[in-house]
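Only this structure's heavy atoms are used, side chains among them; waters, hydrogens and symmetry mates stay out. Counting starts at 1 for both ligands and their atoms, following the listed order. It should be emphasised that the depicted structure is a prediction, and the values quoted were computed from it without experimental measurement.
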Amino acid sequence: MPAPEEPATGPEGLIDRRISRKTVLKAAAVLGTAPLLIGGGVALARDRVGTGEAPGLTPACHDDDDPTIEQTEGPYFKPNSPLRTSLVTANTPGTRLTVSGYVFGRACLPIANALLDFWQADVNGAYDNVGFTFRGHQFTNAQGAFTLSTIVPGLYPGRTRHIHVKVQAPGRPVLTTQLYFPGEPRNSTDTIYDARLLMNVRQVGSAKEGTYDFVLNVPQTPTTPPTSPSPTTPTTPPTTPPTTPPGGSWAAGTLYNAGDRVTYAGASYRCLQAHTAITGWEPPNVPALWQRV
Ligand SMILES: [Fe+2]
């Protein structure tokens, strides 16, 4: 039985539990204004692949975005993982999960050939410390994109559900961090958990699809977006106005501030962190955002 990871205290344990209002608002703004996928997910840069649009125009990254935060690597990292994008075989037990996204620099430009080294627990919450099961590294493609095929990791004592990852742009320092799942009851009790590392996860049939874009602290020179053939065409989709004001019944698209109160399914909740609500973040699903009162 694996031991719980210790809350970060060492040099790699740079945990900042504060949720920057700016960060949340920016992330939320993306969620609130980006073109929505079928199923209500966030339109990430990958959705533009093949459309002729420049990846740099993705609404999932802004040129003043804070870099992805660092977290402890925990006790189960092993170097020299295999080069592979799939950690499963046809017989691997567990709910299939695809994690995909982009790696960006500070100017929101995608980073090609960035290293991503993933490791996680199996369906029973155990790490393979002998072999390399559920361990693998890969590199972003020319568009800065990555895709990992795996399973939803199991829980183990002391932690909420998470995936470990190290991300490194060519010739740059390694970022060690973790990715989290929305709606997990333990998110509210895990001292390492940080809402800034929440994936956007949606159900697709019997599988789940998670998305997350990393922003590395890599200087970049912003480039001018390619000239559009229709320069007068708005590039920002219209914002869907909230259907109810803050403090009333919960509604996706609404900006809530800490302390706001809403009702949902007949229950009252108090907002713990400023955010713009999205489908999937209904109060009962996100105890990090809403406390029942
Ligand atoms: Fe872990």
**Prompt:** Counting backbone and side chain alike, does Gln120 bring an N/O/S atom below 2.8 Å of the Fe ion (ligand 1)?
**Reply:** no
**Message:** Would you call the rings of His162 and Tyr156 parallel, tilted or perpendicular, taking 30° and 60° as the class edges?
**Reply:** perpendicular
**Prompt:** Do Phe77 and His164 come within less than 4.5 Å of each other through their side chains, counting heavy atoms only?
**Reply:** no
**Prompt:** Does any N, O or S atom of Tyr76, backbone or side chain, fall under 2.8 Å from the Fe ion (ligand 1)?
**Reply:** no
**Common cluster, Val103/Phe139, ILVMFWY with side-chain heavy-atom separation under 4.5 Å** = no
**Prompt:** NE2 (His162) to the Fe ion (ligand 1) to OH (Tyr156): angle, nearest 10 degrees?
**Reply:** 90°
**Request:** Take the Fe ion (ligand 1) as the vertex and measure to OH of Tyr127 and NE2 of His164; round to 10°.
**Result:** 90°
**Prompt:** What are the two closest non-hydrogen atoms of Ala169 and Val218, and how far apart are they?
**Reply:** CB-CG2, 3.8 Å
